[in-house]
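Please read the structure below before turning to the comments.
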Amino acid sequence: MKIATWNVNSIRTRKEHVRAFLEEHRPDVLALQEIKVTDDQFPAAFFAEAGYRSTVFGQKTYNGVAFLAREGFHEAADVVRGFPDEGEDAHSRLIAARFGPVVVNIYLPNGSEVGSEKYAYKLDWMQRLREWLDATYGAGEPVVLVGDFNVAPEDRDVHDPEAWRGRVLFSEPEKEALETIRAWGFTDCFRLHHEEAGRFSWWDYRMNQFRRGMGLRIDHIWASRPAAEACADCDIFVEPRRWERPSDHAPVMAELDLGALNGHSQ
DNA sequence: ATGGTCGATTCTCGA
(Lines give C-alpha, C1' and ligand atoms only; values in the text may rest on other atoms or scores of the structure.)
Protein backbone atom coordinates (compact mmCIF):
# COMPACT_ATOMS: atom_id res chain seq x y z
CA MET A 1 0.00 0.00 0.00
CA LYS A 2 1.38 3.40 -1.01
CA ILE A 3 0.30 6.28 1.25
CA ALA A 4 1.22 9.83 0.31
CA THR A 5 0.65 13.26 1.87
CA TRP A 6 0.82 16.69 0.26
CA ASN A 7 -0.02 20.20 1.43
CA VAL A 8 -1.19 21.62 -1.93
CA ASN A 9 -1.95 25.23 -0.85
CA SER A 10 -5.25 25.45 -2.80
CA ILE A 11 -6.61 22.45 -4.70
CA ARG A 12 -8.11 24.70 -7.39
CA THR A 13 -4.67 26.08 -8.23
CA ARG A 14 -2.86 22.75 -7.85
CA LYS A 15 -5.26 20.16 -9.28
CA GLU A 16 -3.13 19.56 -12.40
CA HIS A 17 -0.04 19.01 -10.22
CA VAL A 18 -1.94 16.55 -8.04
CA ARG A 19 -3.22 14.62 -11.03
CA ALA A 20 0.30 14.46 -12.53
CA PHE A 21 1.60 13.06 -9.22
CA LEU A 22 -1.24 10.50 -9.06
CA GLU A 23 -0.62 9.36 -12.62
CA GLU A 24 3.13 9.03 -12.12
CA HIS A 25 3.14 7.28 -8.73
CA ARG A 26 -0.36 5.74 -8.41
CA PRO A 27 -0.54 5.97 -4.59
CA ASP A 28 -3.38 3.99 -3.03
CA VAL A 29 -4.20 6.91 -0.74
CA LEU A 30 -3.14 10.55 -1.11
CA ALA A 31 -3.87 12.80 1.88
CA LEU A 32 -4.24 16.48 0.97
CA GLN A 33 -4.02 19.54 3.19
CA GLU A 34 -4.88 23.21 2.65
CA ILE A 35 -7.37 22.48 -0.11
CA LYS A 36 -9.02 25.88 0.66
CA VAL A 37 -12.42 24.96 -0.76
CA THR A 38 -15.79 23.86 0.55
CA ASP A 39 -16.79 20.25 -0.14
CA ASP A 40 -19.00 21.24 -3.12
CA GLN A 41 -16.08 23.10 -4.77
CA PHE A 42 -13.64 20.17 -4.54
CA PRO A 43 -12.74 18.94 -8.07
CA ALA A 44 -13.85 15.34 -7.40
CA ALA A 45 -14.88 14.69 -11.02
CA PHE A 46 -11.42 15.75 -12.23
CA PHE A 47 -9.76 13.15 -9.98
CA ALA A 48 -12.40 10.52 -10.78
CA GLU A 49 -11.19 10.78 -14.40
CA ALA A 50 -7.77 9.67 -13.10
CA GLY A 51 -9.35 6.76 -11.18
CA TYR A 52 -9.52 8.29 -7.69
CA ARG A 53 -12.38 8.69 -5.22
CA SER A 54 -12.57 11.80 -3.03
CA THR A 55 -13.43 12.04 0.66
CA VAL A 56 -13.44 15.69 1.69
CA PHE A 57 -13.58 17.84 4.82
CA GLY A 58 -13.43 21.29 3.26
CA GLN A 59 -13.66 24.86 4.43
CA LYS A 60 -14.05 28.18 2.63
CA THR A 61 -10.78 30.13 2.08
CA TYR A 62 -8.62 28.40 4.71
CA ASN A 63 -7.54 24.91 5.78
CA GLY A 64 -9.46 21.90 4.46
CA VAL A 65 -8.25 18.29 4.21
CA ALA A 66 -9.17 15.41 1.92
CA PHE A 67 -8.33 11.89 0.80
CA LEU A 68 -7.95 10.68 -2.76
CA ALA A 69 -8.15 6.88 -2.83
CA ARG A 70 -7.45 4.74 -5.87
CA GLU A 71 -10.46 2.95 -7.32
CA GLY A 72 -9.96 -0.77 -6.80
CA PHE A 73 -8.33 -0.16 -3.41
CA HIS A 74 -10.35 -0.04 -0.18
CA GLU A 75 -13.09 2.55 -0.03
CA ALA A 76 -12.90 4.96 2.89
CA ALA A 77 -14.72 3.50 5.91
CA ASP A 78 -15.46 4.86 9.39
CA VAL A 79 -14.79 8.42 8.23
CA VAL A 80 -14.16 10.98 10.98
CA ARG A 81 -14.26 14.74 10.27
CA GLY A 82 -12.71 16.86 13.01
CA PHE A 83 -12.59 16.30 16.75
CA PRO A 84 -15.89 15.43 18.44
CA ASP A 85 -17.91 18.25 20.00
CA GLU A 86 -16.38 21.00 17.89
CA GLY A 87 -18.70 23.81 16.84
CA GLU A 88 -19.84 24.57 13.31
CA ASP A 89 -17.11 27.23 13.04
CA ALA A 90 -14.27 24.81 13.83
CA HIS A 91 -11.33 24.62 11.42
CA SER A 92 -11.27 21.71 8.95
CA ARG A 93 -7.94 20.22 9.97
CA LEU A 94 -8.48 16.51 10.56
CA ILE A 95 -10.03 13.72 8.53
CA ALA A 96 -9.53 10.06 9.30
CA ALA A 97 -10.69 6.89 7.57
CA ARG A 98 -10.01 3.18 7.48
CA PHE A 99 -8.42 2.00 4.20
CA GLY A 100 -7.35 -1.31 5.63
CA PRO A 101 -5.08 0.52 8.07
CA VAL A 102 -6.53 3.66 9.61
CA VAL A 103 -5.14 6.82 8.01
CA VAL A 104 -5.39 10.05 10.02
CA ASN A 105 -4.78 13.13 7.87
CA ILE A 106 -3.97 16.38 9.72
CA TYR A 107 -3.27 19.97 8.86
CA LEU A 108 -1.76 21.00 12.18
CA PRO A 109 -2.11 24.74 12.95
CA ASN A 110 0.87 26.84 11.84
CA GLY A 111 1.04 28.86 15.05
CA SER A 112 2.00 32.16 13.39
CA GLU A 113 4.48 33.42 16.00
CA VAL A 114 5.72 32.09 19.33
CA GLY A 115 3.61 33.62 22.11
CA SER A 116 0.69 34.59 19.84
CA GLU A 117 -2.92 33.49 20.24
CA LYS A 118 -2.49 31.22 17.20
CA TYR A 119 0.56 29.64 18.87
CA ALA A 120 -1.48 28.83 21.99
CA TYR A 121 -4.19 27.40 19.70
CA LYS A 122 -1.55 25.21 18.02
CA LEU A 123 -0.29 23.76 21.31
CA ASP A 124 -3.85 23.17 22.50
CA TRP A 125 -4.75 21.49 19.19
CA MET A 126 -1.75 19.16 19.61
CA GLN A 127 -2.90 18.16 23.08
CA ARG A 128 -6.43 17.54 21.77
CA LEU A 129 -4.98 15.35 19.01
CA ARG A 130 -3.19 13.16 21.55
CA GLU A 131 -6.34 12.89 23.69
CA TRP A 132 -8.46 12.06 20.62
CA LEU A 133 -5.98 9.34 19.56
CA ASP A 134 -6.13 7.87 23.08
CA ALA A 135 -9.93 7.80 22.94
CA THR A 136 -10.31 6.56 19.36
CA TYR A 137 -7.65 4.00 18.34
CA GLY A 138 -5.35 1.45 19.90
CA ALA A 139 -1.60 1.74 19.31
CA GLY A 140 -1.52 -2.02 18.70
CA GLU A 141 -3.56 -1.64 15.51
CA PRO A 142 -2.21 -0.29 12.22
CA VAL A 143 -2.68 3.47 12.33
CA VAL A 144 -0.85 5.93 10.07
CA LEU A 145 -0.78 9.62 10.99
CA VAL A 146 0.09 11.80 7.99
CA GLY A 147 0.01 15.42 6.99
CA ASP A 148 1.45 18.87 7.49
CA PHE A 149 2.52 18.77 11.14
CA ASN A 150 4.01 22.29 11.01
CA VAL A 151 6.82 21.17 13.35
CA ALA A 152 10.36 20.11 12.45
CA PRO A 153 11.30 17.40 14.99
CA GLU A 154 15.11 17.69 15.14
CA ASP A 155 18.09 19.85 14.19
CA ARG A 156 18.77 17.66 11.15
CA ASP A 157 15.28 18.57 9.84
CA VAL A 158 16.10 22.31 9.65
CA HIS A 159 18.50 24.00 7.20
CA ASP A 160 19.88 26.35 9.89
CA PRO A 161 18.94 25.07 13.37
CA GLU A 162 20.64 27.94 15.20
CA ALA A 163 18.68 30.53 13.20
CA TRP A 164 15.44 28.60 13.72
CA ARG A 165 15.86 27.74 17.41
CA GLY A 166 12.98 29.16 19.43
CA ARG A 167 11.02 30.22 16.35
CA VAL A 168 7.62 28.90 15.35
CA LEU A 169 7.82 25.46 13.66
CA PHE A 170 10.94 24.68 15.76
CA SER A 171 10.32 26.01 19.27
CA GLU A 172 10.83 23.76 22.31
CA PRO A 173 7.14 23.70 23.39
CA GLU A 174 6.12 22.64 19.88
CA LYS A 175 8.75 19.89 19.82
CA GLU A 176 7.63 18.71 23.27
CA ALA A 177 3.98 18.63 22.17
CA LEU A 178 5.05 16.71 19.05
CA GLU A 179 6.90 14.21 21.24
CA THR A 180 3.72 13.75 23.32
CA ILE A 181 1.84 12.83 20.13
CA ARG A 182 4.66 10.54 18.98
CA ALA A 183 4.65 8.80 22.37
CA TRP A 184 1.10 7.59 21.67
CA GLY A 185 2.98 4.89 19.77
CA PHE A 186 4.26 6.29 16.47
CA THR A 187 7.48 5.89 14.49
CA ASP A 188 8.60 8.43 11.87
CA CYS A 189 8.58 6.38 8.65
CA PHE A 190 11.01 8.72 6.87
CA ARG A 191 13.65 8.21 9.59
CA LEU A 192 13.25 4.42 9.35
CA HIS A 193 14.83 4.72 5.90
CA HIS A 194 16.89 7.93 5.88
CA GLU A 195 19.26 9.21 8.58
CA GLU A 196 20.77 12.17 6.77
CA ALA A 197 20.29 15.87 7.55
CA GLY A 198 19.06 18.36 4.99
CA ARG A 199 16.03 16.48 3.66
CA PHE A 200 13.16 18.97 3.58
CA SER A 201 9.47 19.01 2.62
CA TRP A 202 8.70 22.74 2.81
CA TRP A 203 10.44 25.89 1.62
CA ASP A 204 9.04 29.41 2.12
CA TYR A 205 8.05 31.08 -1.16
CA ARG A 206 9.96 34.18 -0.11
CA MET A 207 13.62 35.05 -0.67
CA ASN A 208 14.24 32.17 -3.13
CA GLN A 209 14.41 29.79 -0.19
CA PHE A 210 13.83 26.71 -2.33
CA ARG A 211 16.61 27.59 -4.79
CA ARG A 212 18.89 28.28 -1.82
CA GLY A 213 18.11 24.97 -0.11
CA MET A 214 16.57 26.70 2.92
CA GLY A 215 13.85 24.26 3.95
CA LEU A 216 12.31 22.39 6.87
CA ARG A 217 10.98 18.83 7.18
CA ILE A 218 7.50 19.45 8.58
CA ASP A 219 5.38 17.01 6.52
CA HIS A 220 5.38 13.56 8.03
CA ILE A 221 4.16 9.98 7.81
CA TRP A 222 4.10 8.36 11.24
CA ALA A 223 3.09 4.76 11.81
CA SER A 224 1.96 2.78 14.84
CA ARG A 225 4.14 -0.23 15.63
CA PRO A 226 2.42 -2.83 13.38
CA ALA A 227 2.27 -0.33 10.50
CA ALA A 228 5.90 0.75 11.06
CA GLU A 229 7.00 -2.89 10.93
CA ALA A 230 5.30 -3.07 7.53
CA CYS A 231 6.94 0.11 6.24
CA ALA A 232 9.19 -0.88 3.31
CA ASP A 233 10.02 2.65 2.12
CA CYS A 234 9.36 6.34 2.72
CA ASP A 235 10.68 9.32 0.81
CA ILE A 236 10.15 12.99 0.01
CA PHE A 237 9.39 13.79 -3.65
CA VAL A 238 11.03 17.16 -4.25
CA GLU A 239 10.38 17.32 -7.99
CA PRO A 240 6.86 18.88 -7.82
CA ARG A 241 8.38 21.81 -5.91
CA ARG A 242 10.27 22.65 -9.14
CA TRP A 243 7.13 22.71 -11.31
CA GLU A 244 5.53 25.95 -12.51
CA ARG A 245 3.39 27.66 -9.82
CA PRO A 246 4.24 25.04 -7.19
CA SER A 247 2.88 24.44 -3.72
CA ASP A 248 5.39 25.50 -1.08
CA HIS A 249 5.35 21.86 0.13
CA ALA A 250 6.62 18.67 -1.52
CA PRO A 251 4.75 15.35 -1.25
CA VAL A 252 5.95 12.54 1.02
CA MET A 253 5.10 8.91 0.33
CA ALA A 254 5.49 5.62 2.21
CA GLU A 255 5.06 2.03 1.15
CA LEU A 256 3.51 -0.43 3.61
CA ASP A 257 3.81 -4.14 2.94
CA LEU A 258 0.31 -5.21 3.89
CA GLY A 259 1.34 -8.86 3.87
CA ALA A 260 3.47 -8.01 6.91
CA LEU A 261 0.34 -6.88 8.76
CA ASN A 262 -0.57 -10.44 9.71
CA GLY A 263 -3.06 -10.71 12.48
CA HIS A 264 -4.60 -7.38 11.50
CA SER A 265 -7.45 -6.65 9.13
CA GLN A 266 -6.29 -5.13 5.85
C1' DA B 1 13.87 44.52 13.19
C1' DT B 2 12.09 44.02 8.65
C1' DG B 3 10.75 42.07 4.48
C1' DG B 4 10.43 38.98 1.06
C1' DT B 5 5.95 35.67 -2.04
C1' DC B 6 2.01 33.23 -2.68
C1' DG B 7 -3.44 32.23 -2.54
C1' DA B 8 -8.20 33.71 -1.57
C1' DT B 9 -10.70 37.42 -1.11
C1' DT B 10 -10.93 42.15 -0.63
C1' DC B 11 -9.46 47.33 0.05
C1' DT B 12 -5.90 42.35 4.12
C1' DC B 13 -5.13 37.97 6.25
C1' DG B 14 -2.85 33.61 6.83
C1' DA B 15 1.11 31.06 5.82
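Not measured: the values here are computed from a predicted model. Throughout, a chain's letter reflects where its sequence line sits, starting with A, and its residues are numbered from 1.
For the side chain to side chain contact (heavy atoms under 4.5 Å, CB included) test, residues two or more places apart in sequence or in another chain that qualify with A:F83 are A:E86, A:L94, A:W125, A:R128, A:L129, A:W132. Every side chain to side chain donor-acceptor pair (under 3.5 Å) that A:R12 has, sequence neighbours left out, goes to A:Q41.
For the C1' atom pair drawn from B:dG14 and B:dT9, the interatomic distance equals 12 Å after rounding to whole Å. Comparing B:dT12 with B:dA1, their P atoms are spaced 25 Å from each other, to the whole Å.
Residues near A:Y62 contribute nothing to a hydrophobic cluster around it, because no ILVMFWY side-chain heavy atom sits closer than 4.5 Å to its side chain. Hydrophobic clustering, defined by side-chain heavy atoms of Ile, Leu, Val, Met, Phe, Trp and Tyr closer than 4.5 Å, groups A:F237 together with A:W6, A:V8, A:I11, A:V18, A:F21, A:L22, A:L30, A:L32, A:I35, A:V37, A:F42, A:F46, A:F47, A:Y52, A:V56, A:L68, A:W243, A:M253.
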Subject >> Per-nucleotide protein contact string for nucleotides 7-15 of chain B, where B marks a base within reach and S marks sugar-phosphate only (heavy atoms under 4.0 Å, - for neither) >> reply: SSS----SB
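The stretch residues 106-123 of chain A participates, sequence neighbours left out, in these salt bridge (charged side-chain N to carboxylate O under 4.0 Å, His left out) pairs: A:K122-A:E174.
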